[in-house]
Amino acid sequence: MDWFDRALFEAAWLTLAGGAELPRLRVVEQVDSTNRIAWELAAEGVPGGAIAQSQTAGRGQWGRVWQSEIGGLYLSWAIAISTLPPLLVTLLSAGGIARQLRDRAVPVWLKWPNDILLHGRKLGGIKTEVNPREAIAVVGVGLNWCNPVPATGIALATDPDARVASLEELAAIAIVGIQQGNHWGQTRPMPDVLADYWELLETKHRSVSVAGAPGQVIGITPTGELRVRLQGGQAHTELNCPPGAVQIGYPDPFP
């Protein structure tokens, strides 16, 4: 695999993970979806994941096709989740990855529930699939590295201030972030974990729309839903909104 240097990945992993055992990572050039490979590895009973140079059937939120052009990071990772619901796994994974990137001078923010933003543009997204019977989740991550991006996107390799040297280091950052975020979710009080997530949220206090009605984001529920206070008339109604129930645009104009 001349596009992915395992030696660079292993060096980054050993630095980030404090000497933890190297993860089981299957590297392929092209696949329908890295999530499928991660589920296969999980069925074998060994935690691990997969990374691909490109995907032919990558899936985003709401069944959308995830554009997987060569140059981006397309990674799926299987984790044990105990009783965490899928939405919280997504939030915890996003928070863990964001903190790892911020440690490397990448000033990312989070757009609820599953987008990672850089300078107001989409750097990447997360999709979580769960097998509740086995208490396993597969977290699929797409991050723009040097691939073509739309007007609302940004590629990390183009940011001159980011202290991320390679796609291999970005892969290690993503895996460590997923593991760390979900470990916090299972070992720390959830209000504390969500308070940390809230501080990373570009969406906090934003004006949003719920079924055409204007509102303002005021918090996150214990299960990861967005708390919105509707505005209008003399009464203010508070709603707990699952993904898809609230419309949140990107910052305009972009910073």
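Every value quoted in this text rests on a predicted model; they were computed, and no experiment measured them.
Counting only heavy atoms from C-beta outward, the side chains of E10 and L22 approach each other to under 4.5 Å. A 4.5 Å side-chain heavy-atom check between I79 and V138 finds every atom pair outside the cut-off. For the pair F4/Q53, no side-chain contact is recorded, criterion being any heavy-atom separation below 4.5 Å from C-beta on. Residues V27 and R6 are in side-chain contact: their nearest non-hydrogen atoms beyond the backbone lie under 4.5 Å apart. The shortest side-chain heavy-atom distance between L239 and R227 does not fall under the 4.5 Å cut-off. Inter-residue side-chain proximity for L92 and W184 is flagged as unmet; no heavy-atom pair is nearer than 4.5 Å. Side-chain atoms of L117 and V108, non-hydrogen and from C-beta on, never get closer than 4.5 Å to each other. Proximity of I220 to L91: side-chain heavy atoms (C-beta onward) are separated by under 4.5 Å at one or more points.
A pairwise comparison of heavy atoms in P243 and L87 identifies CG-CD1, 3.7 Å as the closest pair. W3 and V28 get closest at one heavy-atom pair: CZ2-O, 3.1 Å. When all heavy atoms of P148 and E69 are compared, the pair lying nearest together is CG-OE1, 3.8 Å. Counting all heavy atoms, side chain and backbone alike, P23 lies closest to F9 at CG-CZ, 3.8 Å. Summarising the geometry of A155 relative to L123, their closest heavy-atom pair is C-CD1, 4.5 Å, with the distance given to 0.1 Å. In terms of heavy-atom proximity, A245 sits nearest to V210 at O-CG1, 3.6 Å.
A cation-pi contact, defined as under 6.0 Å to the ring centre and within 45° of the axis, is absent between R36 and W39.
Centroid-to-centroid, the aromatic rings of W109 and H119 stay 6.0 Å apart or farther.
Side chain of E169 to backbone of A12: no donor-acceptor contact under 3.5 angstrom is found. Put simply, the side chain of S33 gets close to the backbone of N35: a donor and an acceptor are under 3.5 Å apart. Counting only distance, with no hydrogens or angles, the side chain of K111 and the backbone of I248 share a donor-acceptor pair below 3.5 Å. A donor-acceptor pair is defined here as one N or O able to donate and one able to accept, closer than 3.5 Å; no such pair exists between the side chain of T158 and the backbone of I154. With hydrogens and angles ignored, the 3.5 Å screen pairs no side-chain donor or acceptor of S76 with any backbone N or O of G140. With D192 contributing its side chain and M190 its backbone, the two residues share no donor-acceptor pair below 3.5 Å. Under the 3.5 Å distance criterion, the side-chain polar atoms of N240 are left unmatched by any main-chain donor or acceptor of E225. W112 contributes a side-chain N or O that, together with a main-chain N or O of G224, makes up a donor-acceptor pair within less than 3.5 Å. Between the side chain of N144 and the backbone N or O of K122 there is at least one donor-acceptor pair closer than 3.5 Å.
Rounded to the nearest 0.5 angstrom, Q180 CD and L16 CG are separated by 10.0 Å. Atom CG of L75 sits about 7.0 Å away from atom CG of L25, to the nearest 0.5 Å. From I81, atom CD1 reaches atom OG of S93 across 10.0 Å, with rounding to the nearest 0.5 Å. Note that the CG atom of L156 and the CZ atom of R104 stand 11.5 Å from one another [nearest 0.5 Å]. Rounded to the nearest 0.5 angstrom, S82 OG and N182 CG are separated by 11.0 Å. A distance of 10.5 Å separates CG of L167 from CG of D5, quoted to the nearest 0.5 Å.
Under the 4.5 Å side-chain contact rule for hydrophobic residues, L8 and W145 do not share a cluster. By the criterion of side-chain heavy atoms lying less than 4.5 angstrom apart, applied directly or through intervening Ile, Leu, Val, Met, Phe, Trp or Tyr residues, V217 is grouped together with L200 in one hydrophobic cluster. Cluster membership for V149 and I97, using ILVMFWY side-chain heavy atoms within less than 4.5 angstrom, is not shared. Cluster annotation: I70 is not connected to L143 through the hydrophobic network of ILVMFWY side chains, with a link wherever side-chain heavy atoms come within less than 4.5 Å.
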Practice prompt. Apply side-chain contact (heavy atoms from CB on, under 4.5 Å) to Y74 and N147, showing your working.
Written response: CA-CA 11 Å; Y74 311 114; N147 51 298; 4.0 Å; yes
Practice prompt. Run the numbers on Q55 and T34 for side-chain hydrogen bond (donor to acceptor under 3.5 Å, both in side chains), then give the verdict.
Written response: CA-CA 7 Å; Q55 298 178 112; T34 53; 3.2 Å; yes
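With I218 as reference, R229 is the one residue of K204, H205, R229 to meet the side-chain contact (heavy atoms from CB on, under 4.5 Å) rule. When each of N114, V89, V141 is paired with T128, the side-chain contact (heavy atoms from CB on, under 4.5 Å) condition holds for V89 and for no other.
For the 3.5 Å distance criterion, the side chains of D32 and T56 fail to qualify, holding no donor opposite an acceptor.
The pair R188-D196 meets the salt-bridge criterion, with a side-chain N (NZ, NE, NH1 or NH2) lying under 4.0 Å from an Asp/Glu carboxylate O. Taking 4.0 Å as the cut-off between side-chain N and carboxylate O, E202 and R206 count as a salt-bridged pair.
Pairs engaging residues 11-28 under the side-chain hydrogen bond (donor to acceptor under 3.5 Å, both in side chains) rule: R24-E44 [sequence neighbours left out].
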